Structures are given as C-alpha cells and as structure tokens.
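Quick notes on the structure that follows.
Because the structure is a prediction, the values reported are computed rather than measured.
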Protein chains: 2
Amino acid sequence: MTNEESEPKRPAATRAATMKDVAARVGVSIKTVSRVVNGHDDVHPDTRARIEAAMKELNFRPNVMASMIRRRGGRTASIGLVVEDLANPFMAQLARAVADSALCRQHLVLIGSSDGDPERERELVAVFLTRRVDGLIIVPSGDDQSYLKAETDRGLPIVFVDRLGQRIEADAVVSDNASGTAQAVRHLLAHGHRRIGYLGDLRGFYTAQARLQGYEEALRAATGGVDPRLVRMDVHTVAQAEQEARALLGSDDPPTALLCGNNLITVGALHALQALDLRQKVALIGFDDQDLAHLLTPALTVVAQDVPAIGRTAAERLFLRLNAQPDEQAPYERLTIPVTLIPRGSGEIPAGAPAEHGDRADR
Amino acid sequence: MTNEESEPKRPAATRAATMKDVAARVGVSIKTVSRVVNGHDDVHPDTRARIEAAMKELNFRPNVMASMIRRRGGRTASIGLVVEDLANPFMAQLARAVADSALCRQHLVLIGSSDGDPERERELVAVFLTRRVDGLIIVPSGDDQSYLKAETDRGLPIVFVDRLGQRIEADAVVSDNASGTAQAVRHLLAHGHRRIGYLGDLRGFYTAQARLQGYEEALRAATGGVDPRLVRMDVHTVAQAEQEARALLGSDDPPTALLCGNNLITVGALHALQALDLRQKVALIGFDDQDLAHLLTPALTVVAQDVPAIGRTAAERLFLRLNAQPDEQAPYERLTIPVTLIPRGSGEIPAGAPAEHGDRADR
DNA sequence: TTGTATGCGTTATCAA
DNA sequence: TTGATAACGCATACAA
C-alpha cells in the first residue's frame, strides 16, 4: 500500500444543530419547529417558510435516535439481518433485496455475518437488540434458536430465511429445495440417465436434507428405488466434493450423471470431471446459479433459486407483523419460493454419450 | 409461493426493561445500575451481583439510542456505507470487510446501494446522516461529491472507496488500477503479443481512466506507441463488449490478445471469442477475479483486486480520523492497494498460436 | 396557530 | 460506594 501526498485540514467539529437552535434563530418555540419537521399543516405559511430557511442555513437534520425514544411504540425504524457470509453471492443478493424492501418502508438494515457459527449468530443478535431493532431476519446456524424465545414472546417479529429456525416458532422463507432436486432428477431421467449420482452437504443442514429428499423421492417415483452407493452426503468442501466425485466415477457401475447439492460441490465435481476428461460425457446439474456458468464448456445447467424473491418475501413478512396489532397476528407460516431449472448444456448430455474426443486445454 | 400450515401465537408485546426497572427490582438507584452497565469498578461486589442477576431476569438490554443522546460527543457507534450494488460480488466483499472491521471496534454499519445514481447516493447519505452515523464510507457515483462539504467541514470523517470523490477533499482508498493493466500488458508482451486490444468502461469512470492509462503507458514504454484502433472505450454492457470484441477481432490487422477493463467486459469478450472459435487462439486477460474463472477452458487469467484489503483499509482510515482530535488530523491521503496478476491459462496463450483444432461444445 | 410542561432512557454533576 | 437531580433532543398532552 502506498500513500500519496495531499493537503491538511481543519474541521470545526461543531455540534450538529438541534430543533432548539432552529427555534432560537427564528424566534419561535421548539414545538413549532417540531410541527414543521413532522409535516403538520397547522403552521402559518410565513412561519413555516422562515423555519425551513433556518433549517437549511443551520444544516439541521432531525435526530432520529432522540425522536425514537419518545415516540410511542419506541420503534427505531431499523431491522437486523444475520447472514452467513455477506461476501457470498447468495447472501449478498439476499441482503440487497432485504435492504431495498426495508428502505422502501423508511427502514434501515443492520447486517452481520455469522460465518455459520451459532455463537456468533447470538452475539450479532445481541448487538442488534441493543440497538433496538424492530425485527430480525436471520439465516440460522446450528440447530437451536430457542435463545430467541424471550424476544418472540415479547412480540419481536423474527423471520428465518433459507433455513428453518429450530426449537422455536417463527415464520420462515425458504426455497422449494426438494422440488428443485426433483426437477433435476426428472430432467436427467428424460435424457436417458438411470444412474444419477448425488453429492450433498452436511446432513445437519436443512437445505441438504430437503434437497436429498427431492432427489430420493423423484428417483423412487420413477425407477422404484435409490442406489445408496450413488449418494454421498456430508460433503462440505470443494476438495471433498472432488474426492467423492472421483470415487463415484471410478466405481464399478459409475453414474452417468451427477447432481450437486450446492455451489462448492459443483465446483469440486467439475474439477473431478475435468481431471478425468469426462466433462463432455457425464451430465451434471448444479444447485444455485453462478456468474460464469454459461461460459463453461459445456455450459452449466443449474437449479436456480429466486434469491431476490426470498429476501423480498422475508422482509414483507416482517413488515406485515410489524404493522399488525399484537392481538391480530396471523399464524406462523413457512413460505416457499419456487426454484427454476436452467438448461444450458451440462444437464442435457445424454446417458452413455461417447467421449467426443476428450479435448482439454487447461493451460 | 405456497404457504404451509402452522400454529397461532399470542405475544405479550410488553415494554422492554429499562434501567429504572432493574433499579426498582434490586432496590438501588438508577445511577448504580448505570455504573454496572458501564463497567465502572466503584460498585460493591454484592450490589453488582444483585444488579447483574436482575438484569438477566428482566432480560435488560441498555438502550443505545438513549445513551447516545446524553453521552458526550453524541456518537452513535455506527457508520454509513454507500456501495453501488450490494448484490455485486466486489461490493459484497467490500461490505463484508468494512462490516467486520467496524464490528471489531463495536461499531455497526448501515449499508445502502446507490445503483450508480448520484441522486440515490445523496438520498442514502441523507438517511444515514439523519441516523447520526459517525462517519461515511462511499463508493462515489457521478462526478460531484461537493454536497458533502458541509459534513466534512463540521468534522464528519468521510472515506471514498474504489474511486475518488470529486470536487471535495477527503481520503480515498483505491486499487492500483494502472499498475494492474500495466502488469497485464507486460505479461502479454512477454508471451510475444504485439497487438493487444483494450476494452474499457465509460471514460467518465475513474477506474476506467486509470486502467486505460496503465495500458497505454506500459505499451508506450515497451513498443513506443499505442495503436488507437486497438482501443475501445465507453463499453458498458456485456452486449457492447461482445460487439466491440467482434469488431476488433474481425478487423484487418486484428489483435492477438485482449485486455478487458472489468468483469462484464470480460464476459462479453469471452462470448465473442467463443462465437468466433478463438478461445484457444487469442489471449485474454480480465480485470477482477470471478468465481468460476479457473474452470473455463482455457482458465481465465485475471488481474485480481484485494477487495478485503480495500475495505479494511477504508475502515481503518475512518476510525483513525474518528479517534483523532479535531486539531491533530492527518492530511488527506489517497491510499493505493496493490493488485495481483493471476495466470491461469487464457493470458499465457502465445501470440500467433495456431487454432489447435477449434473445439466447441456449447450445448 | 402557537407555546408550556412533562417524560422517554440514559449519562453527567455533584453531593452524601 | 451510593444517590438525587439536571440535562440530552425530541414528542405529546394540554393550554393559550
């Protein structure tokens, strides 16, 4: 890191103007200024004009913190969002959707990344609650969100996203994971595949369970059974995914197609296919879309989640509860967002395709 | 979207406990509770224990809003971050780094997306200022940030990121863009290329200017001149990038290598190369790393920015100013973060490479 | 149409 | 070591 020269500065560090300052300058009471700030119409146009002028001159901005304390309900017009990792594209899209929905309703979003650590999740929630957020949207980690019971009991709205909150009753917004893998399975079956390998994340994860379930049900419905040797769960890193994919493909009766339970697994499986020179021969469908997916050869067929819809729906649900009276709250619900299969090539390779001529050009 | 059944609820919607409640329960004055909350050591251990017990029972959480009003300095322990689009991976990584740095210092981050619209940027800043953020980190849009002068004058720290703020004096943290394209040019020259095409974003963008400059300077230093026919600026969409790349490659004396000024341009250029069956023949280097870059064939050589370092540095700079006295502020600086060339294959294709046998399998 | 008094939850001052 | 009280910036009820 290099530094470049520049000029000094001398900030005044003066206190920000308050309503009292504005009132004093105009020569009216603070209450009249308050009326103007809050848009009441029972102010003389002249007075209003002079007050507005003074506000501009003094660069006055109402102090939301102070007003929140006094205002009935004590709302802060802010909500907390706990994601797993904001740098992850899925989570980032989610955060964007939530932030936009909130901003439309004049609310701000406090965002924190738990990194999948339940303790960090709790710390973040604690920080947000200290800031008096009006509600929480949480991508839950671990298997126990009962620590939030005290908050839901006192009426704080909480919406879980992507996964279900456990040991607690609350709303949740999730993708139709099972339908996604089921669609993928049927798609592969339609292209002649009968042996479809499945690579899934840790069994403890809600999404991993749901996606596996969709795979198994679709397969059972169509072919009557699932070959357990084709299923590898608890795959949690790119390296593990590559290893398990290699194992599957190197077995006696290898799969002609692979279904990958998430992005990282897809990358690992692609590494394996590439190393074994099977990219053109073995079909592959990934869960979650990726930026360059359409530029791979063959282009990557994926089950895509509607991430903006997930975020928007979660925020809408939260605001629904926020705006409802305590005695007329709707029952908790699980809201399910549809997913879409996007065929791009890798999922349309037919079963038993000959290795065209196995071209690689990696460097 | 489908709904699933669940059970009703009946939240009490009770007011959150205050220090007064805690004091009443223990039978001490509110001030003593305050001392415990703020970790002062002049409290009798017994009293402290009883107070801490009561706080737990009542689920007491200090109200930061209220404390902020009274506390001298009036700090809110929050900062505002304006990015272009939080859903964009670069911006998401940036936000994550800033949020982490802030959290380490007990500060929270308010995040908003301007979508490159200067007016939206100003609106977001206004919202943040109403929330009394202690400082701002901004990815500036447009060519005029003078509207922030009133804030810097009163001592509010502002750090610009990724681009320079214009018509205003403030700190800025940017990548060493010129060095990045210069490195890329030298890399291509070393692989025998003499005709290197450049595709850049809108000339109005700081990053586009800096990157073009690096390209031109490196080329002039090595070969004595820049062929203007090889440079296409103001390319702002994938479609435009594909079109310009096609035009360059279809010209009389076409480039043997392409240097792309950003991610979208890279994607467009890859489309063009793929359509013309030149992926194995024409070298390509992109600016900014992408998730699946190493899985393309050939894998994508890129100039990668150290996004976490950018975010961290910006936050550190902001807190430096936040913690310094008004009369001992350092001069404004432009902090430059190094970039790294990551060779993966596409940038190492030699000049005049024969079309191996032009294999495509796009579908 | 405008102003006064009081209170929100907390911290700061000063006294006990 | 503890407490009474004023003050922060604003909103609310009520009075003028």
Side-chain angles (χ1 to χ4, degrees), chain A residues 14-52 54-55 58-78 106 129-134 154, chain B residues 14-52 54-55 58-78 106 129-134 154:
Chain A
T14 52
R15 193 178 53 79
T18 72
M19 287 188 11
K20 199 193 279 183
D21 299 326
V22 176
R25 188 173 180 89
V26 179
V28 298
S29 90
I30 179 178
K31 172 68 212 189
T32 306
V33 178
S34 169
R35 283 190 244 267
V36 172
V37 169
N38 293 346
H40 294 191
D41 52 352
D42 53 349
V43 177
H44 192 87
D46 277 5
T47 320
R48 151 166 285 125
R50 282 162 55 213
I51 290 177
E52 281 170 347
M55 293 197 305
L58 296 174
N59 194 28
F60 167 79
R61 295 175 192 280
N63 186 327
V64 182
M65 309 286 170
S67 78
M68 284 316 168
I69 291 186
R70 195 65 182 84
R71 203 184 290 274
R72 41 194 283 104
R75 296 263 180 96
T76 58
S78 62
Q106 325 278 3
L129 289 175
T130 293
R131 302 288 178 132
R132 291 292 191 275
V133 293
D134 299 334
R154 58 164 245 260
Chain B
T14 51
R15 191 177 53 78
T18 72
M19 288 191 4
K20 198 193 281 184
D21 298 326
V22 177
R25 189 173 180 87
V26 179
V28 298
S29 91
I30 178 178
K31 173 66 206 183
T32 306
V33 178
S34 170
R35 281 190 245 265
V36 171
V37 169
N38 293 349
H40 294 190
D41 53 351
D42 53 349
V43 178
H44 192 87
D46 277 4
T47 320
R48 152 167 285 127
R50 283 160 56 214
I51 289 176
E52 280 170 347
M55 294 198 303
L58 296 174
N59 194 27
F60 167 79
R61 294 174 192 284
N63 186 326
V64 182
M65 310 287 169
S67 77
M68 168 264 147
I69 290 184
R70 195 61 183 90
R71 204 185 291 272
R72 79 192 126 111
R75 296 266 179 96
T76 58
S78 61
Q106 325 279 5
L129 290 175
T130 293
R131 302 287 179 131
R132 290 294 192 272
V133 292
D134 298 333
R154 58 164 244 260

Practice task
State whether the distance check finds a donor on one side and an acceptor on the other, under 3.5 Å, for side chain R70(B) versus base dT11(C).
Solution key: yes

Problem - Polar pair under 3.5 Å, donor/acceptor by atom type, side chain R35(B), base dG3(D) - result: yes

Consider the side chain of [X], meaning its heavy atoms from C-beta on, and name the nucleotide among [options] that approaches it most closely.
X	options	value
N63(A)	dG9(D), dT10(C), dT2(C)	dG9(D)
F60(A)	dC10(D), dG3(C), dT11(C)	dC10(D)
V43(B)	dT11(C), dT2(D), dC10(D)	dT2(D)

Short side-chain N/O contact to [N] OP1/OP2 from [X], under 4.0 Å:
X	N	result
T32(A)	dG3(C)	yes
S34(B)	dT11(C)	yes
S29(B)	dG3(D)	yes
N38(A)	dA11(D)	yes

Give the minimum heavy-atom separation between [X] and [Y], together with the two atoms involved.
X	Y	answer
D21(A)	A16(A)	OD2-O, 4.1 Å
T76(A)	R131(B)	O-NH1, 3.0 Å
T18(B)	F60(B)	C-CE1, 3.5 Å

Just how far, in rounded Å, is [atom2] of [N] from [atom1] of [X]?
X	N	atom1	atom2	answer
M65(B)	dT11(C)	CE	C1'	17 Å
R71(A)	dA13(D)	CZ	P	12 Å
H40(A)	dG3(C)	NE2	C1'	15 Å
K31(A)	dT12(D)	NZ	P	7 Å
D41(B)	dT1(D)	CG	P	8 Å
M68(A)	dT12(D)	CE	P	11 Å
D42(A)	dA11(D)	CG	C1'	14 Å
I69(A)	dA7(D)	CD1	C1'	12 Å

Heavy atoms only, 4.0 Å cut-off, all strands: where does [X] land among base, sugar-phosphate and nothing?
X	result
M19(A)	sugar-phosphate
V64(B)	nothing
V37(B)	nothing

Exercise for the section: Scan I51(A), T47(A), V43(A) and name whichever one has a side chain to side chain contact (heavy atoms under 4.5 Å, CB included) with R35(A). Expected result: V43(A)

Handout entry: Donor-acceptor pair, side chain of R132(A) and main chain of R61(B), under 3.5 angstrom
Key = yes

